[in-house]
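Input: a single structure, listed below in structure tokens.
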Amino acid sequence: MSTHFSEQELLRRQKLTELKALGIDPYPADEFKVNANAADIKENYERDKLNYKDITIAGRLMSIRDMGKACFAVIQDATGRLQIYVRKDDICPGEDKTLYDTVWKKLIDIGDIIGVEGYVFTTKTGEISLHVTSLKILSKALKPLPIVKTDDSGNSFDEVSDPEFRYRQRYVDLIINPQVRDTFKKRTQIINSIRTTLNNAGLLEVETPILQSIPGGATARPFITHHNALNMPLYLRVANELYLKRLIVGGFEGVYEFAKDFRNEGMDRTHNPEFTVLEFYVAYKDYNWMMTFSEQLLEKVALDLYGTTVVTLGDKQIDFKTPFKRVTMFESIKEHTGIDIGKMNEEELRNVCKQLNIHVEASMGKGKLIDEIFGAKCEGNYIQPTFITDYPVEMSPLTKKHRTVEGLVERFELMINGKEIANAYSELNDPIDQRERFEEQLKLQERGDDEAMFIDHDFLRALEYGMPPTAGIGIGIDRLTMLLTNNAAIQEVLFFPQMRPELKPEAQEAN
RNA sequence: GAUUCCGUAGCUCAGCCGGUAGAGCAUUACACUUUUAAUGUAAGGGUCCUGGGUUCGAAUCCCAGCGGGAUCACCA
């Protein structure tokens, strides 16, 4: 039974027994009251020394430097790391030296969570530290923690960089890699910044169904599940667009939702089966207004996060300073291919694709062909934030027709670092036009496009009651976070990215 | 889904023209009451991802599977 434990794991289980034999509960139930944290002590001790004489903090033991009758150790709490100084005669002032000789030196390990009390001082090498006068074990760790050492210059040694280890055991990753923790704090800061802006603009945060009987609002393959009581299929949403628009019909003039969406498609470093999109809709606005509003929203996020609009991404600098560049899709294609596709029909577009060596399928319509050209020749060129505007009607079934140009719709996508970050429309609110667009999608479906949209009759009914002219947008929160935290993989900005199950999960050992 | 690389101690890795395994950190023991990648001495620790094959003999060569990375395709 115990044969699958490593030497170190067996030893730690023995220590657990020895602690109990000494009358020490390795997992005490009572509250442990702290009155400081690592960051607070390091920031404020120098100018307020009198207030750091009676300090209690708790955290995980990260390293120990044993000097015999005294030890230096490092503990880590949610705010950072702090050196502690544990001296035999200070934690064991009397005859009984058990706490130091046995409990501290033999039974407590790196990775254990402990609480310590003492006073702050500065060592002769100048490091602010806590001189411990008493200590208590709060949770014994039974698995050894991978040790990452860092020198004074910040160089890491034996850093755990194996993505499989880090994603499967994110809890360990978060303990030992401070920059990972920082990325996730920034993710929350990004969301908080956006939420504040939207709330200040008077929008209402709402929740809409994740389980949908018609997976609408985007063209993507859905996950399907089954509801037992209703005995019917249900889909995990691929978007929440149609529900948010129903709320605009209902009279809310601005709604938003940070939505987990689900798409049953390939996985790679920019795609996870579940991902987060912010969608928001504002009544009586159009896509021009939305460009201005969204660029300000993003500039504010950069400022809130870094105090500057310029963000470093790999070897690039991305500048979120408003206003962002605006280019129509046809201008963009003309600029990057030299070809003016403005007046072309499907056949001519097909020839252009052939000429440019772009792979096309017979099922692709005019809109899809244009999208292919843009994707292959233009998209990657937009490193700085750029709005691409005025898309072909065929690929935008939920978007209002362009007010002046035939065949186009009032849509923009925001490109940053060669990737789509946001997608927005003047929302289609003409119920008859919307019905026809859905029917076009149906034809695409019959032609073999398995991603074409389903018709949502209840959504059409809602539009028939009248939806005000509305601007709407979807912003990929994971990708935005990648941009703003200098990460190249979506897995780095999701706590628990999707992984294949482990062959022999340790979690099943107990069974 | 395709191609390609990788899977050795708790962690980071070496070993690979085939002779059943090594280092550093971690662990254990001893020394050291202001160290900081602490140091010094000694010790223990491994189904070399799994399953087949070739061979007297496989961590090493071959095949298949599982898991991961990268690139490509699809997509956000």
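Naming convention: chains lettered A, B, ... in sequence-line order (proteins, then strands); numbering from 1 in each chain.
- Nucleotides B:rG22 and B:rA59 have their C1' atoms positioned 12 Å apart, rounded to a whole Å.
- Rounded to the nearest Å, the gap between the P atom of B:rU60 and that of B:rU39 is 36 Å.
- For the P atoms, the distance from B:rC11 to B:rG52 is 26 Å, rounded to whole Å.
- Whole-Å rounding puts the A:Arg500 CZ to B:rG65 P distance at 13 Å.
- Using a 4.0 Å heavy-atom distance criterion, A:Asn272 is classed as a base contact.
- For the C1' atom pair drawn from B:rG57 and B:rG19, the interatomic distance equals 7 Å after rounding to whole Å.
- Comparing the P positions of B:rG10 and B:rU27 gives an interatomic distance of 14 Å, to the nearest angstrom.
- Remark: of the listed residues A:Tyr167, A:Tyr171, A:Phe184, A:Phe184 is the sole one forming a ring-ring contact (aromatic ring centres under 6.0 Å, His included) with A:Phe495.
- In summary, the aromatic rings of A:Tyr287 and A:Tyr425 are positioned with their centroids too far apart to meet the 6.0 Å limit.
- A ring-centre distance under 6.0 Å is not found for A:His131 and A:Tyr52.
- Taking atom P on both nucleotides, B:rA21 is separated from B:rU50 by 16 Å, rounded to a whole Å.
- To the nearest 0.5 Å, the span separating CG on A:Leu107 from NZ on A:Lys140 amounts to 7.0 Å.
- Contact annotation for A:Arg263: base contact, defined as any heavy-atom pair under 4.0 Å involving a base atom.
- Rounded to the nearest 0.5 Å, atoms CZ (A:Arg168) and CZ (A:Arg500) are 9.5 Å apart.
- The side chain of A:Val160 sits closest to B:rC11 out of B:rU35, B:rG68, B:rC11.
- Residue A:Glu127 is classed as a base contact, given a heavy-atom separation below 4.0 Å to a base.
- Within 6.0 Å of the NZ atom in A:Lys354, the count of heavy atoms belonging to other residues, nucleotides or ligands does not exceed 12.
- Here the CD1 atom belonging to A:Ile358 is positioned 7.5 Å from the CD atom belonging to A:Glu372, to the nearest 0.5 angstrom.
- Put simply, the residue from A:Ile176, A:Leu145, A:Ile75, A:Asp77 that forms a side chain to side chain contact (heavy atoms under 4.5 Å, CB included) with A:Arg60 is A:Leu145.
- Comparing atom distances between the A:Phe157 side chain and each of B:rA37, B:rA38, B:rC13 picks out B:rA37 as nearest.
- Applying the Watson-Crick and G-U wobble criteria (two distances, each under 3.5 Å), B:rU12 pairs with B:rA23.
- In this structure, A:Phe293 has its ring center under 6.0 Å from that of A:Phe280.
- Distances were taken from every side-chain heavy atom of A:Phe165 (C-beta onward) to each of B:rC11, B:rC74, B:rC32; the shortest belongs to B:rC11.
- The phosphate of B:rA38 has OP1 or OP2 within less than 4.0 Å of a side-chain N or O from A:Arg65.
- Checking B:rG51 for Watson-Crick or G-U wobble geometry (two distances, each under 3.5 Å) identifies B:rC63 as its partner.
- Of the two residues contacting RNA chain B, namely A:Ser129 and A:Thr270, the nearest-nucleotide position lying further toward the 5' end is that of A:Ser129.
- A:Lys88 comes within 4.0 angstrom of nothing in the nucleic acid, heavy atoms only.
- Atoms CG (A:Asn177) and P (B:rC11) sit 14 Å apart, rounded to a whole Å.
- Look at the P atom in both B:rC25 and B:rC63: the space between them is 39 Å, to the nearest Å.
- Atom CG in A:Leu130 sits about 16 Å away from atom C1' in B:rU35, given to the nearest Å.
- Using a 4.0 Å heavy-atom cutoff across all strands shown, A:Thr150 reaches sugar-phosphate atoms only and no base atom.
- With both pairing distances under 3.5 Å, B:rA38 is matched to nothing as a Watson-Crick or G-U wobble pair.
- Residue A:Asp268 is in base contact, counting any heavy-atom pair closer than 4.0 Å across all strands shown.
- Base pairing of B:rA70 is made with B:rU3, judged by Watson-Crick or G-U wobble geometry with both donor-acceptor distances under 3.5 Å.
- The side chain of A:Met67 approaches B:rA38 more closely than any other nucleotide in the set B:rC11, B:rA38, B:rA37.
- Set against B:rA37, B:rU35, B:rU12, the side chain of A:Asp152 has B:rA37 as its closest nucleotide.
- The separation between A:Tyr167 atom OH and B:rG68 atom P is 12 Å, rounded to whole Å.
- For the OP1/OP2 pair of B:rC74 and a distance below 4.0 Å, the side-chain nitrogens and oxygens of A:Arg221 include no atom meeting the criterion.
- As rounded to whole Å, 20 Å separates atom P of B:rU34 from atom CD1 of A:Ile128.
- Comparing the same atom, C1', in B:rA23 and in B:rC62 gives a spacing of 31 Å after rounding to whole Å.
- Looking at A:Glu159 and A:Gln179, their side chains do bring a donor and an acceptor atom within 3.5 Å of each other.
- Atom CG in A:Asp66 sits roughly 17 Å away from atom P in B:rA37 (whole-Å rounding).
- For A:Arg168, the listed nucleotide lying nearest its side chain is B:rG67; candidates were B:rG67, B:rC32, B:rG69.
- When each of A:Glu274 and A:His131 is assigned the nucleotide of RNA chain B bearing its nearest heavy atom, the one mapping closer to the 5' terminus is A:His131.
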- Query: Can you give one letter per nucleotide of nucleotides 24-30 of chain B, going 5' to 3': B for a protein heavy atom under 4.0 Å from the base, S for sugar-phosphate only, - for none?
  - Reply: BSBSSSS
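- Rounded to whole Å, atom P of B:rC5 lies 19 Å from atom CD of A:Glu164.
- Here the C1' atom of nucleotide B:rA73 and the NZ atom of A:Lys368 are 13 Å apart, to the nearest Å.
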